[in-house]
Amino acid sequence: MENRTPTSIFTDQDQAMANAIEQVLLNTRHRLCIWHLEQNAITRFGALKKDKEFKYASNQCLKMCVTEQEFEAKWQAMMQKYELTTHSWSENTNHAIGFRASKATTLTKFNTIFKKTINRWRSIEKYDEFTCSKLIAFTSLPLSGMLKHAAQVFTLSLFRDFEEEFGYSMATTVQMIGRNEECLLYQVALEDKPWSAHQVNYIHESHNVWCTCKNFEASGWLCYHCIRILHLHSVTRIPDKYVSKRWTKFAKTEAWDRLKNQDPTHQYIPWRQTMIRKYYNLILKSQENEETREFMEESFTKQS
Ligand SMILES: [Zn+2]
């Protein structure tokens with residue numbers, strides 16, 4: 001990671017990880033994965049999970065709140081209505097990545113599982129990289145403007161997400177609800193779902209967009225609200241600041257280039273580690289005998 005900390009980190013509700021992140025990744029924002037929250041809800045809420053009204057209320061809390069206050073109010077109301085204030089919610093093993101270790105797994109077994117998991121990830125990554133570099137995404141929409149730009153820069157799977165947002169953006173209605181010297185404020189909603197409305201701030205000069213749904217901050221690609229507003233202003237390329245490097249086809253090459261330029265002694269790391277191991281073994285072997293200890297110290301003085 002080149003000693004860089006991530007901006008955001010997503011975990012499921014593991015308290016040990018939450019504590020560690022707070023201590024080690026001081027400037028990283030710790031978020032809970034919404035997919036896990038939903039999965040956990042299925043197993044934790046018992047009979048309630050079949051209650052349509054409850055499902056609606058919990059969905060409102062998870063996905064439809066814009067501000068913290070709004071969330072707290074809806075959450076409290078739900079907890080009280082369904083008498084959940086004393087309901088405990090414990091952590092869940094992460095099955096999503098197929099990492100099947102448990103409390104009883106020995107360290108050696110854990111290491112084997114870990115290596116296998118990493119190998120599986122690497123092989124998927126290689127395959128994805130190959131397909132990404134060879135293909136330009138196929139889409140049933142006309143490949144022009146921002147969509148064309150997205151196909152050129154994003155990885156295939158990210159392009160699919162962007163394409164979906166782009167599709168939604170065409171089904172929205174827009175209303176200007178405010179303006180000042182530099183900034184325009186719009187309300188964007190899906191045609192048939194007025195309750196889905198979000199507000200988008202747009203600054204023409206810098207092509208800055210900011211949406212109350214905060215999709216870009218959470219996921220790294222623009223939401224359909226923002227895309228609609230950029231489109232409205234005839235922007236035909238995704239502004240650079242909204243192309244997160246990590247989602248592009250060039251992410252890996254760039255990371256390697258940075259690594260090479262950053263520290264020319266990087267290439268010696270494997271050699272250094274081998275030598276450290278060899279010398280350490282020598283020290284361990286010689287520690288119990290006075291003669292060998294002296295010999296080691298003499299050799300060291302001579303060398304330095
Ligand atoms: Zn949005």
Side-chain angles (χ1 to χ4, degrees), residues 6-10 29-38 56-75 137 139 141 144-151 153-155 157-180 182-248:
T7 314
S8 287
I9 188 163
F10 287 84
R29 185 170 294 178
H30 180 202
R31 301 167 188 269
L32 295 176
C33 164
I34 203 158
W35 185 86
H36 276 102
L37 289 173
E38 281 172 331
Y56 178 79
S58 94
N59 213 22
Q60 288 280 313
C61 290
L62 284 184
K63 295 179 181 165
M64 303 308 294
C65 297
V66 175
T67 65
E68 202 175 321
Q69 291 86 337
E70 203 182 330
F71 171 82
E72 287 297 340
K74 281 189 176 157
W75 184 257
T139 170
L141 297 165
S144 61
M146 273 190 284
L147 200 60
K148 188 176 177 187
H149 186 208
V153 293
F154 288 142
T155 60
S157 63
L158 207 277
F159 175 76
R160 290 288 166 238
D161 290 317
F162 186 87
E163 185 192 21
E164 198 181 330
E165 296 292 334
F166 193 88
Y168 277 123
S169 81
M170 293 195 281
T172 53
T173 54
V174 181
Q175 218 186 329
M176 194 199 278
I177 51 174
R179 68 180 304 165
N180 60 28
E182 55 163 11
C183 185
L184 300 164
L185 182 63
Y186 292 98
Q187 177 140 304
V188 183
L190 287 169
E191 258 168 32
D192 49 347
K193 293 174 185 153
W195 46 262
S196 71
H198 274 282
Q199 293 177 3
V200 180
N201 252 304
Y202 176 72
I203 300 176
H204 191 63
E205 216 163 300
S206 57
H207 289 168
N208 266 358
V209 269
W210 184 85
C211 181
T212 48
C213 83
K214 296 189 178 167
N215 187 70
F216 181 77
E217 288 84 346
S219 324
W221 66 88
L222 287 174
C223 60
Y224 62 86
H225 314 106
C226 289
I227 296 175
R228 178 73 160 101
I229 298 306
L230 289 171
H231 204 204
L232 190 78
H233 287 272
S234 305
V235 175
T236 52
R237 277 175 68 86
I238 309 164
D240 281 349
K241 49 184 155 296
Y242 301 116
V243 180
S244 311
K245 285 225 170 69
R246 56 182 308 205
W247 298 131
T248 64

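Both ligands and their constituent atoms are indexed starting at 1 by order of listing. Both backbone and side-chain heavy atoms feed into the values below; hydrogens, waters and symmetry mates do not. Numbering starts at 1 and runs along the sequence shown.
- Between Phe154 and Phe162, the ring planes lie tilted relative to each other; the angle falls in the 30° to 60° range.
- Comment: Arg160 does not engage Glu164 in a salt bridge, judged by the lack of any side-chain N to carboxylate O separation of less than 4.0 angstrom.
- Annotation for Val188 and His225: closest pair O-CD2, 3.8 Å, computed over non-hydrogen atoms.
- The nearest N/O/S atom of His225 to the Zn ion (ligand 1) is ND1.
- Because the distance cut-off is set at 2.8 Å, Cys223 qualifies as a neighbour of the Zn ion (ligand 1) through one of its N, O or S atoms.
- With a cut-off of 2.8 Å, the Zn ion (ligand 1) has no N, O or S atom of Cys226 in range.
- Other residues, nucleotides and ligands contribute more than 12 heavy atoms inside 6.0 Å of the CZ atom of Arg31.
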